[in-house]
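What follows is a set of notes on a single structure, which appears directly below.
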Amino acid sequence: MRHAQSQNYSRALFLHESAHLDASVSDPGTLLGVLHACIESKGLDQGRELHQKIVECAYEEHPSFCSLLVQLYAKCGILEDAERCFLQVERRSLEAWNCLIGLYDYHGRGGEAIQLSQRMCQECLMWNDTTMVSVLCVCTSKHDLVLGKHVHARIGCSTAQHDIIIGTALVNMYGKIGDIDDAQIIFDNMHIRNVVSWSSIIALCTKHGRYKVALQSFETMLQEGVLPNTFTFVSIISTCASQDLSKIGKMFHGRLIGTELEKHPYMANALTNMYGKSGNLNEAESVFNTSYKKDTYSWNMILAAYAEHGKCMDAIKYFHEMMDEGTLPDSSTFVYLLSACANKLVLVDGMNMHMWVTLMGLETDIAVSNTLLNMYGKCNALDVANHLLNDMPEKDVVSWNTLISGHAHNGLGKEAFSIFQQMIQEGMLPNQVTYTCLLDAFKSQDMLAAGIYIHTCAISQLNVVITSALVNMYGKCGSFQRALKVFHGRIVQNVLLWNAMFAVCNQHERGKEALNLFAKMHKDEVIPDNFTFSNILSSCASEEAFNTGKEVHALAIEYGFVQDSVVATALVNMYGKCGSYADALGVFNLVHDRDVILWTSIINVSSENGDGKETIRLLHQMQEAGITPNHITFLSALSACSHSGLLNEGRDCFTSMQQDYSILPTADHYICMIDLLARSGSLTEAEKLMNNMPFQASYVSWTTLLGACKNENDLERGERVGKHLISLYPEKPSAYVVLSQIYTAAGREDDAEALIAQMKERTGITSEINQFQMNAIRKKKLLFLE
DNA sequence: CTAGGGTTAG
């Protein structure tokens, strides 16, 4: 069924249908009327039938018919037919010209659109308002500012100066390809503005980072009595999204709840994005669900919300849901997913996504390839990353930077440097990010020379980030003086540079120097941030400057960082190092939003304070607060248990971390646990754990176990462990000593004596301690003889 | 005449 929407043409359409039945109807008036109706309703099939009829009646070359046919095909987006009809006659209506200009632009053929507009001038055809607007649109899409300004000049002397549509087109032209200030001036000079003009200026302000002006414009628009539409709300919501102004955005959203606007796909997507960015995942999901039409973009927004907030698995779940619903992922989908996999270091899921990328034929997309490179790099699959880069048909500077950064993250400075050299060889120009990534890869003395070389390469384009990377690099590569020199030679004042220098001072145990610089920073009127305080507080800790620490604490309160978890963590650690658990706990208790790092710090401080029961209490409190402990948290807890001999609590921790949190114990966890078991006399369990753990038992754990055997007078195990330890480390004396003590205690003085002799022979040690040991054995021997 | 985002860096 084909119906004209406009009632004006319904009679013509009715006539057309009669005509279809009766081939004899062919009067031009009726046919023109029907053609108008087809244009209005974009009725292509009907239009084609009519075109046939017009040809049969030989009206085809009549200017009116021809112009209308151009309009019909233009409206339906059929460029070839519109073009053919246009070329068929000499004289066309102005609308036909305008339509074809617009159509060329729509098909990305702006050059032909401009040629057409110039032909109009040659043929002495006056442009009307629509022509002006069409040409302005072409200028915008072709980024032709020169022509745009010419058109602007032409408008300036025409009568159309104050037209809303032309004005808005000009605002958009300047806003998108020219100076936003020009756009704003034209907008301000418009006598009348409608919702389209307002929506345009708001969107443009956001695009140029003028968020405040965007928000103010929205208010002014309301004051002037113009009602916002979806375009306006979409723009204002995305302003809020990009500026993390979700509180204001929520207010705007409030006005939309329950209206049709809220369910509009563009609106729902913008809202999902805003809530997603601010981490309000529940709200994001609820808006996502209200949308009445979900496209790839919508799924990308909800998936990105989870991906960007560390919920990689949820993001992957949405990916599968999306495909189950028949929505195809695009390159952005994979960029979000792969970047989540990279951040979470989940190589297996990342590789699975790689498979999907290949299945979807998106492996040639450079953004996707770069994210793949990043994923493999971050997950330490550097061979794969290297192969991937070599196989990429198109590489940009981001590809190289990503690969360098991947090596940097895995501590491979030499490799990063050779990738840089390869990059230069292939003619790729490095940028500031390249230098930052590279400098970040140099972390030890042996990379100092490479660091100095990169310093000379980057010298002409130093920015804040590179400069602080240089300070950091020199610090890590052991040259405090060079770090200081770069810092003093800084061209711009920036808190990041100060923070980098403070960190270097701390690495080099120059806490006093950091404190002096901190005073200088105050004089230079550079505002410290939370990281400044974090650094300075650790300077206090390393200098054991308890009173200075208290002063810095007071200053941090003055700057309003009481609730800041970074500062609070530093304070907890500082008080911990200074031995004041009470002060540390006081700071901790004041913070409302405690993250895993702050919790882990207080747990660690309490553990070092020696009260194991308190540590376990804190751990349980943390779990009740819904914060997930990590492997470091458990290490502190286990260490506390070990020091306080809390065997059951320690066993619980060790089980819970694996069963409840899927954390694989590291060698350190095993050492703590073995230590705890050994000290508590559970030697069988300790030995079993040591033999079953997925690591080579360290010298320390064997020694601990041997020591425990001595304490428990466990001769059989002691002999086994001691001999094993000696076979592993024949050059280390302590196993000989401890085992000999065990032999002595068991009355096997001869074996003890032989062992010490063996030790002397193998290690060449004849220290006083060993002499003392020999004497002890002899004494015991004598006692026994008596 | 107007609207929705992503990879690398501190």
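Side-chain atoms are counted along with the backbone in the values below, which use heavy atoms only and exclude waters and symmetry mates. Letters go in sequence order (proteins before strands), and every chain restarts at 1.
Distances shown here put every side-chain N or O of A:Asn370 at or beyond 4.0 Å from the OP1 or OP2 atom of B:dT8. Distances shorter than 4.0 Å separate none of the side-chain N or O atoms of A:Lys378 from OP1 or OP2 on B:dT7. An OP1 or OP2 oxygen of B:dA9 is reached within less than 4.0 angstrom by a side-chain nitrogen or oxygen of A:His409. For B:dT8, neither phosphate oxygen OP1 nor OP2 lies less than 4.0 angstrom from any side-chain nitrogen or oxygen of A:Lys395. Side-chain nitrogen and oxygen atoms of A:Ser468 include none within less than 4.0 Å of the OP1 or OP2 phosphate oxygen of B:dG10. Between A:Lys176 and the phosphate of B:dC1, there is no side-chain N or O to OP1/OP2 separation shorter than 4.0 Å.
Taking 3.5 Å as the limit, the base of B:dT2 and the side chain of A:Ser199 contain a donor-acceptor pair of atoms between them.
As judged by a 4.0 angstrom heavy-atom cut-off over every strand, A:Asn300 is placed among the base-contacting residues. The residue A:Met301 sits close only to the backbone: its heavy atoms come under 4.0 Å of sugar-phosphate atoms, none of a base. Using a 4.0 Å heavy-atom cutoff across all strands shown, A:His264 reaches at least one base atom of the nucleic acid. Nucleic acid contact for A:Asn343: none, since no nucleic acid atom lies under 4.0 Å from a heavy atom of the residue. Across all strands shown, A:Lys207 has no heavy atoms under 4.0 Å from either base or sugar-phosphate atoms. Note on A:Asn431: nothing from the nucleic acid sits closer than 4.0 angstrom, heavy atoms only. Heavy atoms of A:Ala270 sit nowhere under 4.0 angstrom from any nucleic acid atom. Using a 4.0 Å heavy-atom distance criterion, A:Ser331 is classed as a base contact. Nucleic acid contact for A:Val398: base, since at least one base atom lies under 4.0 Å from a heavy atom of the residue.
With A:Phe442 as the aromatic partner, A:Lys476 does not meet the cation-pi criteria of under 6.0 angstrom to the ring centre and within 45 degrees of the ring axis.
With sequence neighbours excluded, the residues that form a side-chain hydrogen bond (donor to acceptor under 3.5 Å, both in side chains) with A:Lys378 are A:Asn374. For A:Ser197, the side-chain hydrogen bond (donor to acceptor under 3.5 Å, both in side chains) test picks out A:Thr168, A:Asn194, with sequence neighbours left out.
Between the A:Asn410 side chain and the A:Gly406 main chain, a donor and an acceptor come within less than 3.5 Å of each other.
Rounded to an integer number of Å, the gap from A:Met392 CE to B:dT8 P is 14 Å. Rounded to whole Å, the distance from OH on A:Tyr266 to C1' on B:dT2 is 11 Å. Rounded to whole Å, the distance from CD on A:Glu308 to C1' on B:dT7 is 12 Å. Between the C1' atom of B:dA3 and the CD1 atom of A:Ile201 lies a distance of 15 Å, rounded to the nearest Å. Taking atom CZ on A:Phe420 and atom C1' on B:dA9, their separation rounds to 15 Å, with Å as the unit. Atom CZ in A:Phe502 sits about 20 Å away from atom P in B:dG10, given to the nearest Å. Remark: P of B:dT2 and CD1 of A:Ile164 are 14 Å apart, rounded to the nearest angstrom. Nucleotide B:dT7 holds its P atom 22 Å from the CH2 atom of A:Trp400, rounded to whole Å.
Minimum atom distance to the side chain of A:Asn401 is reached by B:dT8, of the listed B:dT8, B:dC1, B:dG6. The nucleotide whose nearest atom lies closest to any side-chain atom of A:Leu496 is, among B:dG10, B:dC1, B:dA9, B:dG10. With B:dG10, B:dT2, B:dA3 as the candidates, the nucleotide lying closest to the side chain of A:Asp440 is B:dG10. Side-chain proximity of A:Thr402 to the nucleotides B:dC1, B:dT2, B:dT8 is greatest for B:dT8. The side chain of A:Asn374 has B:dT8 as its nearest neighbour among B:dT8, B:dG6, B:dT2. Listed candidates were B:dA9, B:dA3, B:dT7. Nearest to the side chain of A:Cys437 is B:dA9.
Note: A:Phe502 and A:Trp498 have tilted aromatic rings, judged against thresholds of 30 and 60 degrees for the angle between ring planes.
Taking the six-membered ring for Trp, A:Phe233 and A:His264 have ring centres at least 6.0 Å apart.
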